[in-house]
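Data first, discussion second: the structure below is written as structure tokens.
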Amino acid sequence: MTDSVDLGHGIHRLAIPLPFPSPSHVNCYALESDDGITLIDCGVDSPVGREALRLALGALGASPADLGRLVVTHLHVDHMGLSRRLMEEADCDFVMHRLAVDEVDGYNDFGPGLAALAETAARHGAPESAVEMFRVGFPRPDWFGQALPPRTPVTDGDRIPLGGGRHLEVLHTPGHHPTHICLVDSRTGRFFAGDHVLPRISPFVPYLGEDQDSLGDYLAGLERVVQRRLELTQPAHGPEISRGWARARQILLHHQRRFDAITAVLGDGPA
């Protein structure tokens with residue numbers, strides 16, 4: 001049975017299973033809006049995931065065809081692998097950060113990204129086995145699906161209308177991925193955090209080259225959460241967080257400890 005929880009105010013949390021052991025589920029959120037269901041994230045394009053989403057929406061008296069809008073927090077498969085199929089079935093609006101317009105080709109074709117990883121790994125002295133792993137590449141699972149660019153690109157500060165004067169405020173929070181956005185519900189103040197603030201772990205932050213500071217971007221996004229004192233938080237994985245800003249501060253402290261440990265190692269010079 002699909003785990004579906006009524007959070008009140010027309011918000012429902014749908015736990016959609018994933019085809020890998022950890023995380024085992026992604027939390028998608030269905031919001032009742034004037035133009036049908038607004039769905040935040042959608043899971044992967046697997047038979048199990050499709051059926052779980054169908055059952056979860058059915059419990060709300062809806063179906064995938066009734067979606068008015070799909071909002072995807074970022075360009076990772078567990079959040080948007082099913083997006084193209086849903087758009088074709090519902091002909092709904094598709095909302096992502098504007099950077100997804102340029103990033104979607106890299107999602108659809110692993111080749112150039114893996115070649116760049118192989119070059120980076122070789123340049124930084126990784127074992128040849130690791131370099132070769134990237135050079136050979138990985139088979140693309142069927143459940144990845146093919147992505148389309150968003151119909152409605154958004155950026156920081158934009159508002160996604162839900163009707164009745166209600167909207168979702170967009171917070172651009174890169175770091176985990178350049179396209180990552182969080183959303184704040186104007187009616188309840190609930191903070192839909194995607195992978196930016198998670199209850200038990202710190203999300204993976206990639207190395208994207210010497211001209212980009214992904215970790216700096218991620219930490220700056222956490223500082224915004226702290227400064228805004230965002231409280232009730234709905235993460236993409238794991239249980240609800242009662243004080244999102246406090247959890248964001250914990251993650252900041254974790255990274256500060258890591259910085260201090262690295263600085264200690266480098267105290268006598270480059271290594």
Side-chain angles (χ1 to χ4, degrees), residues 16-26 41-49 72-85 96-150 172-181 194-196 198 200-222 236-237 251 254-255 258-259 261-263 265-266 270-271:
I16 306 301
L18 298 170
F20 28 81
S22 181
S24 60
H25 292 74
V26 61
D41 289 338
C42 58
V44 306
D45 191 10
S46 69
V48 172
V72 168
T73 56
H74 60 294
L75 201 64
H76 279 168
V77 64
D78 52 329
H79 298 260
M80 57 88 60
L82 190 52
S83 60
R84 182 168 189 156
R85 190 182 294 268
M96 287 192 75
H97 191 269
R98 62 177 179 81
L99 290 177
V101 174
D102 297 323
E103 294 272 350
V104 72
D105 287 344
Y107 175 91
N108 288 333
D109 182 4
F110 290 171
L114 288 173
L117 282 173
E119 181 182 341
T120 298
R123 187 169 65 252
H124 289 279
E128 181 57 35
S129 59
V131 176
E132 185 64 17
M133 178 179 65
F134 291 127
R135 285 182 179 144
V136 172
F138 310 99
R140 185 183 182 87
D142 292 341
W143 40 261
F144 252 78
Q146 288 289 306
L148 292 171
H172 183 212
T173 50
H176 176 57
H177 194 275
T179 64
H180 197 289
I181 59 173
D195 283 349
H196 188 59
L198 298 171
R200 299 190 181 100
I201 62 173
S202 175
F204 164 71
V205 177
Y207 173 77
L208 298 176
E210 295 179 3
D211 60 337
Q212 297 192 53
D213 183 8
S214 297
L215 185 55
D217 290 341
Y218 177 62
L219 299 179
L222 291 175
H237 305 286
I251 300 172
H254 159 76
H255 282 286
R258 295 292 298 272
F259 281 135
I262 292 169
T263 302
V265 170
L266 298 176

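These numbers come from the heavy atoms of this one structure, side chains and all, not from hydrogens, waters or symmetry mates.
Although no hydrogens or angles enter the test, the distance criterion places no donor-acceptor pair under 3.5 Å between the side chain of T173 and the main chain of G221. Not one N or O on the side chain of T73 forms a donor-acceptor pair closer than 3.5 Å with the backbone of I181. Proximity of a side-chain donor or acceptor of H237 to a complementary backbone N or O of H25 within less than 3.5 Å is detected. Judged by distance alone, with hydrogens and angles left aside, the side-chain atoms of D78 form no donor-acceptor pair with the main-chain N or O of G43 at under 3.5 Å.
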Review point. Between F144 and F110, does a side-chain contact (heavy atoms from CB on, under 4.5 Å) hold up when you go through it step by step?
Key: CA-CA 11 Å; F144 252 78; F110 290 171; 3.5 Å; yes

Exercise for review: Go through the steps to decide whether H177 and D195 satisfy the test side-chain contact (heavy atoms from CB on, under 4.5 Å), and finish with yes or no.
Suggested key: CA-CA 9 Å; H177 194 275; D195 283 349; over 6 Å; no

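Here CG of D217 is found 11.0 Å from CG of L222. Values are rounded to the nearest 0.5 Å. In this structure, CG in L208 is found 9.5 Å from OG1 in T120, a value given to the nearest 0.5 Å. Here the straight-line distance linking atom CZ of R258 with atom OG of S202 works out to 9.0 Å at 0.5 Å rounding.
I16 and G49 get closest at one heavy-atom pair: CG2-O, 3.9 Å. Closest approach of G81 and C42 over heavy atoms only: N-SG, 4.5 Å. Considering all non-hydrogen atoms of both residues, V48 and P17 come closest at CG1-CG, 3.6 Å. In terms of heavy atoms, I251 sits closest to I201 at CD1-O, 4.4 Å. Taking all atoms of both residues into account, the shortest heavy-atom contact from Y218 to P203 is OH-CD, 3.1 Å. Between A126 and V131, the shortest heavy-atom distance links the atoms O-CG2, 4.0 Å.
The side-chain heavy atoms of L114 and R135, taken from C-beta on, include no pair separated by under 4.5 Å. In this structure, the side chains of T179 and P174 stay at 4.5 Å or more apart for every pair of heavy atoms. Here the side chains of H97 and E103 are not in contact, with every heavy-atom distance at 4.5 Å or above. Looking at heavy atoms from C-beta onward, L148 lies out of side-chain contact with S83 at the 4.5 angstrom threshold. Contact of the L18 side chain with the S24 side chain is not registered, since no non-hydrogen atoms from C-beta on lie closer than 4.5 Å. You'll find the side chain of Y207 stays beyond 4.5 Å of the side chain of L215, heavy atoms only. With a 4.5 Å cut-off on side-chain heavy atoms, H180 and H79 do not count as touching.
Looking at D41 and H74, their side chains never bring a donor and an acceptor atom within 3.5 Å of each other.
In this structure, D142 places its CG atom where only 12 or fewer heavy-atom neighbours from other residues, nucleotides or ligands lie under 6.0 Å away. By the 6.0 Å contact criterion, CD on E128 is enclosed, its count of non-hydrogen atoms from other residues, nucleotides or ligands being greater than 12. Around the CZ atom of R140, the shell of radius 6.0 Å holds more than 12 heavy atoms that belong to other residues, nucleotides or ligands.
Applying the salt bridge (Lys or Arg N to Asp or Glu O under 4.0 Å) definition to pairs two or more places apart or across chains, those involving residues 108-123 are E119-R123.
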